[in-house]
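For clarity, every value in this text was computed on a predicted model and none was experimentally measured. Throughout, protein chains are lettered first and strands after them, A, B, ... in sequence-line order, and every chain is numbered starting at 1.
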Amino acid sequence: MSNSTFTQGSSETEGTSQPDSTAETVLELDGVCKTYGDERVIDDLSLSVTDGEILTLLGPSGCGKTTTLRLIAGLERPGSGEVLLDGAPVAGNGDFVAPEQRGVGVVFQEFALFPHMTAEENIAFGLKDAPESEREDRVDEMLDLVGLDAHRDSHPDELSGGQQQRVALARSLAPEPEMLLLDEPFSNLDVDLRVEMREEVRRILKDAGVTAISVTHDQEEALSISDRVAVMNDGRIEQIDRPEQVFQHPESRFVAGFLGHASFLSGFVTGDEVETGLGTLSRDRIHGLAEEYDGTKLDVLARPDDLTASPAPDDQSDGEVVHRRYLGPTVLYRVELDNGDVLECMHDHTDQVAVGTRVAVVLDANHDLAWFPASQR
Amino acid sequence: METDNGTTTTDDPTDAGRSSSSRPVGLTLLSGAIAAATVLPLYWLFDTAFRASKPVQLADPTTWLGVLDPLSLLLEPASIRVLRNSVVLVVCVTAASILISVPLAYLTVRTDLPFRRFFTIAVMLPLVIPSYIGAFAFVSVFSPKGQVQSLLAPLGVEELPGIYGLEGTVLVLTLYTYPYVYITSRAALKTLDTSLVDAARTLRHSRWEAFKRVVVPQIRPAVAAGSLLTALYTLSDFGTPQIMRYHVFTRIIYTRWADSAEFVSVLSLQLLAVTVLILAVESRVRGDDTLHSSRGGQAASRVRLGRWRWPVLAFPLAVVGLALVVPIGTLGMWLLRGSATGSGVPFELEYVANSIDVSLAAALIATLAGIPVAYLSARYDTRLGDLFERVTYVGYAVPGVVMGLALVFLGINLFPDLYLTLPLLIFAYVVRFLPQSVGSTRASFLQVNPALPEAARTLGRSSVGAFRAVTLPLAAPGLLGGAALVFLTTMKELPATLMLQPHGYKTLVTYIWQMQEDGYYGDAAVPALVLVAISALSIFVIISQEGYDVK
């Protein structure tokens with residue numbers, strides 16, 4: 001997959017890949033801003049989502065991702081900018097369509113199941129205008145979809161976390177919304193259940209064929225359930241792309257650092273080579289390094305799993321192990337290179353290298369490497 | 001749904017997380033009107049107090065004389081005596097309550113007193129008996145020619161020294177208000193970290209020294225808070241001093257309002273001033289702490305009473321005996337003897353029905369009026385909302401006699417057609433007890449997760465529709481609890497009932513009062529026991545509300 005993108009200019013211009021360019025746009029945000037008091041929570045945010053895809057807004061807490069979701073649902077009004085659903089404006093320019101008229105379903109962070117109603121009544125809540133028989137059929141269908149037929153008469157407090165989430169999903173899907181919004185859908189679940197429910201939720205969403213936007217601060221969750229990931233920081237989108245692209249070709253240091261551990265290897269471009277603290281790297285290993293960067297300094301992104309450190313005699317070593325963190329299956333070594341760069345190397349848990357050992361570090365990646373101009377540091 | 005129009009594009013009432021820039025205008029106006037209705041009657045106290053001075057103002061250019069006139073009423077020997085009596089009463093009752101409650105709380109929480117659980121509940125139970133019922137029972141037992149005297153008559157006791165006056169009033173009010181201090185002291189003692197006492201002991205303090213230097217400073221705020229409740233109740237109580245013939249504000253205001261309106265208005269304002277003073281002290285002492293935050297007690301480090309374990313029982317037994325056994329026993333005895341005392345006005349079920357009617361009306365109106373005030377204050381972070389909620393509490397803090405008087409003047413001056421009719425009486429109840437419904441309703445609105453109505457909106461409901469389908473059903477237990485409280489307290493309300501009852505309209509309370517005044521104790525036994533039962537029910541409602549919880 002790296003070959004296909006290798007030929008496109010610099011990494012900055014690689015741009016948003018549309019999963020299916022023929023699919024129609026369901027949602028569009030255009031220059032949306034939102035402020036609370038003096039604080040600008042959303043800053044000139046633009047975004048479009050196509051039919052049937054699952055997009056995840058990923059970012060640290062306070063980056064504005066939940067507010068974005070609430071703006072789409074109509075639970076908040078934008079200060080400026082426009083929100084369009086199916087090409088029709090629902091917010092902005094003085095228009096405002098109330099949440100109940102938008103056809104947007106929401107799965108809330110703590111599920112927000114109505115405690116005074118059974119699972120079945122919760123699911124039927126949004127179907128009040130449908131005829132009785134149709135409503136029953138739809139509820140049955142939904143219970144079937146989420147596999148909760150046996151619990152239809154249970155109240156929310158009698159259901160486990162995973163079951164509550166299924167009810168919440170079924171409830172929001174029952175009225176056949178244009179799109180579904182999920183606010184930190186897994187944060188309320190135990191770690192084990194979380195992984196299981198990710199798969200399950202993705203299956204249900206794909207079965208229902210619904211367009212979905214989910215919000216999370218968990219990179220693993222974002223990468224595993226989404227068709228596309230939008231990394232948000234400080235009220236704006238830093239990068240929006242397929243999970244693999246975002247992970248391997250981050251467009252900013254923030255994205256690189258937020259998705260997994262990131263170390264930077266400083267280098268200098270000369271001809272066909274890049275000189276680094278680990279010796280020279282062949283220029284064609286660096287992703288889309290344009291001519292104009294000849295003779296400049298850059299930082300190459302090196303993930304811990306691409307780096308191995310092994311004890312070496314002084315004359316063959318690159319640096320010294322300064323820290324060792326035992327993580328169970330793996331061990332993370334922090335190596336300070338002789339030129340001052342600090343790298344993190346992921347090893348198998350059986351490897352034993354003592355702190356203070358001189359080591360040679362090998363950059364062993366079978367994919368091309370992302371980089372950032374040192375001038376942007 | 002039919003309520004969609006105009007509401008869908010207005011502000012989102014569920015946006016509770018942040019202070020919304022948009023304001024619910026209609027809701028705010030409605031709450032403001034309700035809050036205003038609860039305080040405006042008090043204007044007529046000022047109007048009446050300064051009425052005497054108005055002609056003086058017009059005739060004489062030295063208008064300051066107009067202010068002087070009510071002031072001179074204030075300085076009359078009679079007013080000063082009333083103020084002194086009231087202050088003496090409040091101080092005595094409060095002090096006596098502390099002296100009873102703190103040792104009781106210590107015994108039941110921190111020691112190995114026998115039957116601790118029984119006494120914990122038993123010493124709180126006097127709250128169940130309205131103080132005027134207690135006073136009435138004590139008078140019938142201990143009055144110069146009461147039951148005790150008749151028992152002692154064979155021994156040649158012609159007359160007892162009498163229970164009327166300051167001593168009797170202090171006795172009765174202490175017995176029926178000390179539980180406020182007991183409850184707060186007990187809560188403080190329960191949450192007290194006993195390792196602090198252990199630490200003091202290891203630092204060479206005796207148990208008594210540790211109590212003084214560690215325990216007392218920590219429970220002092222709680223004791224103070226409870227004491228102020230006792231003081232407020234004592235100051236505003238009308239029935240007990242009236243029965244005990246002790247001249248305090250409430251008694252004078254009640255007995256003399258018909259013939260000297262200006263004078264009692266001035267006294268009422270003075271009483272209000274003292275009440276405000278106590279309230280101000282109370283809110284300072286209490287701060288934002290929750291008073292009833294009880295966690296599990298530490299059974300391990302209970303103080304062993306040793307050989308005092310059984311003798312010390314005499315103390316809680318005496319308190320419970322006086323406060324509970326005397327009145328209940330007296331009423332029971334009257335009941336067994338039958339009502340052959342011949343008042344000529346036998347008790348009729350119609351009086352109970354009347355009580356229930358007015359109380360139901362008051363509960364219904366207070367609950368409906370409480371909803372907008374509570375919702376505005378719970379869901380919107382606006383200053384006006386908080387202000388209106390606070391304002392509704394005025395009617396609660398104002399002594400019943402004073403609110404009754406204000407409504408009498410309001411009726412006479414503004415709505416002569418409504419004076420001495422049921423609507424004005426019910427209005428009085430609503431004004432007095434609205435805070436019970438507002439408080440309970442507000443708490444249950446706060447317990448509804450704001451995401452729930454939001455979820456309803458994303459499922460196609462309008463803001464009003466979401467309120468009706470989700471918020472209201474979830475808050476319903478709180479609304480019902482508030483309504484029940486208003487109902488039960490209205491059933492036993494005394495001063496406003498006496499001042500505003502329509503002619504010939506008898507209720508449980510007015511019947512008891514009439515029999516008490518005429519000395520036909522036997523006839524009052526049944527209704528009084530009914531009232532005690534109602535009162536017990538209301539305490540039960542309060543207790544069950546504290547454990548009330550909606551996710």
Please state whether the side chain, the backbone, both or neither of [X] comes within less than 4.5 Å of a heavy atom of chain B.
X: A:Val104; value: backbone
X: A:Glu110; value: side chain
X: A:Phe114; value: both
X: A:Leu113; value: backbone

Indicate yes or no: at least one non-hydrogen side-chain atom of [X] is less than 4.5 angstrom from one of [Y].
X: B:Leu459; Y: A:Arg171; answer: yes
X: A:Phe125; Y: B:Val470; answer: yes
X: A:Ser172; Y: B:Thr458; answer: no

Greater than 12 external heavy atoms within 6.0 Å of A:Arg135's CZ: yes

Atom of B:Leu452, atom of A:Pro115 and distance for their closest heavy-atom approach: CD1-CD, 3.8 Å

Residues B:Arg461, A:Glu100: salt bridge by 4.0 Å N-O rule: no

Distance in Å, A:Met117 CE paired with B:Leu474 CG, rounded so as to fall on 0.5 Å steps: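 Atom-to-atom, A:Met117:CE and B:Leu474:CG are 7.5 Å apart.
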
